[in-house]
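Please read the structure below before turning to the comments.
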Protein chains: 2
Amino acid sequence: MITAEAADMPDDGTSRTPDRLRRLPSRQLSQLTTRSDRLINEGLARVDARKWHYAVLASLQEYGPGSQAALSRRTGIYRSDMVGVLNELAERDLVERVPDPDDRRRNIITISARGRRRLPRLDKVLDDLHDELLAPLSPAERDQLTRLLGRLLDYHTRTAPPGTAPRRAGETGE
Amino acid sequence: MITAEAADMPDDGTSRTPDRLRRLPSRQLSQLTTRSDRLINEGLARVDARKWHYAVLASLQEYGPGSQAALSRRTGIYRSDMVGVLNELAERDLVERVPDPDDRRRNIITISARGRRRLPRLDKVLDDLHDELLAPLSPAERDQLTRLLGRLLDYHTRTAPPGTAPRRAGETGE
DNA sequence: CCGTTGCGTTAGTCACACTAACGATGTACG
DNA sequence: CGTACATCGTTAGTGTGACTAACGCAACGG
């Protein structure tokens, strides 16, 4: 009783997603992430921010100033991409980038007063956005979800730290 | 007692992710999805498949043959991208693409014998990959997770069907 | 002194989601 | 019956995110 083609319900298949796909966690994750990312990006764009901005500002606030490389490690943003993010933040006077006198390779990034003021504002925006994201879930369920995700994330960040490159495997056709 | 900079634990910040970020569901989702996607893509690549292949084959198996547009709707793959996916599947003789005599705009896509044989193989591969993906969770927890994700997905697919374009909002700088 | 390692930066790759526009066809309606 | 509109398959292109490669420079370590 899986297919619904020969029966009396005329189903050209236009209807909806196959069962095999609907319950596939990897698929649920990527679909939901697509929605989530869109929601967050749009919301942050409305206040002229991006999620990387928040990540960097939060990191500076919690751990204090640091080099770009350190920031990269804290936030998970690649150091190649960090350059641009810091440019954007500096343009907006949310951080200051000054050369480290003790190690002339480094820049030291500091959160500015303006950046410090910005952070709670972004907290609020994100909070509201997550309210929309998690709308159908009760507080307890939201908690469950973040705990489950947290555990998975822990597991996978331990076993596969970034830099573990994606393999390109056997291509038969083409 | 939030920051750990002035105390006795020398924390250049290289350590780890700020708390604000770690518990952010949207962030957990995208990070986990990155890992998940990598895992799945690599796993499928090893058997010369991609997730879209699976999606299309599963859809054909469950709902029977259909036009490319119908397949798009079932799988969530955009019809612009469906072209390429079907090319790949046809190259591998997993589907057949024949013009619909009743509607000359349409192609009718049918799963081939080979495709039908392929599907359980992919089921197995995906099953194993999900075992790795969800490794730290008990069966009950895995179930919880998929139910929570399912509900969120339901909610957001109802309220924001694809085609709801991402807004590009006020850019002050640049 | 020299090799390695870390830093900031530039440039480029690949996949994904999505838009725009096209020509050919089908459908509805006045 | 004709014409406006919708749908189909297809091509091309956009923006973002994650990531690699390579660079020149500076620091560290033997």
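Proteins come first, then strands; the chains are lettered A, B, ... in the order of their sequence lines, and each starts at number 1.
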Minimum heavy-atom distance between [X] and [Y], given as atom pair plus value:
| X | Y | result |
| --- | --- | --- |
| Y63(A) | T17(B) | OH-O, 3.6 Å |
| T75(A) | A55(A) | CG2-O, 3.6 Å |
| L145(A) | L145(B) | CD1-CD1, 3.9 Å |
| L60(A) | P65(A) | CD2-CA, 4.0 Å |

Using a 4.0 Å cut-off on heavy atoms, which residues in residues 51-59 of chain A reach DNA chain D? List them by number, or say none.
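Output list: K51(A), W52(A).
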
Should side-chain heavy atoms under 4.5 Å link Ile, Leu, Val, Met, Phe, Trp and Tyr, which residues sit in the same cluster as V98(B)?
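Result for V98(B) is I108(B).
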
Looking only at side-chain N and O atoms, does Y78(A) come under 4.0 Å of OP1 or OP2 in dA18(D)?
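No, Y78(A) has no side-chain N/O under 4.0 Å of OP1/OP2 on dA18(D).
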
What pairs of residues pass the salt bridge (Lys or Arg N to Asp or Glu O under 4.0 Å) test when at least one of them lies in residues 133-156 of chain A, not counting sequence neighbours?
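As it turns out, the salt bridge (Lys or Arg N to Asp or Glu O under 4.0 Å) pairs with a partner in residues 133-156 of chain A, which skip direct neighbours, are D131(A)-R142(A), E141(A)-R151(B), D143(A)-R147(A), R151(A)-E141(B), D154(A)-R158(A).
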
Not counting sequence neighbours, list each pair that qualifies as a salt bridge (Lys or Arg N to Asp or Glu O under 4.0 Å) and has a residue in residues 106-120 of chain B.
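Every pair satisfying salt bridge (Lys or Arg N to Asp or Glu O under 4.0 Å) with a residue in residues 106-120 of chain B: D103(B)-R106(B).
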
Does I111(B) belong to the same Ile/Leu/Val/Met/Phe/Trp/Tyr cluster as V83(B), with side-chain heavy atoms less than 4.5 Å apart forming each link?
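As far as the 4.5 Å side-chain criterion goes, V83(B) and I111(B) are not connected within one cluster.
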
Give a yes or no on whether L39(A) and L134(A) share a hydrophobic cluster (residues Ile, Leu, Val, Met, Phe, Trp, Tyr; joining criterion: side-chain heavy atoms under 4.5 Å apart).
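As far as the 4.5 Å side-chain criterion goes, L134(A) and L39(A) are connected within one cluster.
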
Separation of [X] atom [atom1] from [N] atom [atom2], in whole Å?
| X | N | atom1 | atom2 | result |
| --- | --- | --- | --- | --- |
| I109(B) | dT10(D) | CD1 | P | 8 Å |
| I40(B) | dA18(D) | CD1 | P | 18 Å |
| D102(A) | dA27(D) | CG | P | 10 Å |
| D37(B) | dC16(C) | CG | P | 7 Å |
| R35(A) | dC18(C) | CZ | P | 7 Å |
| R38(A) | dA17(C) | CZ | P | 10 Å |
| E42(A) | dT16(D) | CD | C1' | 14 Å |
| L29(A) | dG17(D) | CG | P | 18 Å |

Go through the side-chain N and O atoms of R22(B) and Q28(B) and say whether any donor and acceptor fall under 3.5 Å apart.
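The criterion, which ignores hydrogens and geometry beyond distance, is not satisfied for Q28(B) and R22(B).
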
R79(A)-S72(A) side chain donor-acceptor pair, cut-off 3.5 Å
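R79(A) vs S72(A): no donor-acceptor pair found between side chains.
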
5' to 3', nucleotides 2-11 of chain C under a 4.0 Å protein heavy-atom cut-off (B base, S sugar-phosphate only, - none) gives ----BBBBBB

So which protein nitrogen or oxygen atoms get under 3.5 Å of nucleotides 3-5 of chain D's nitrogens or oxygens?
none

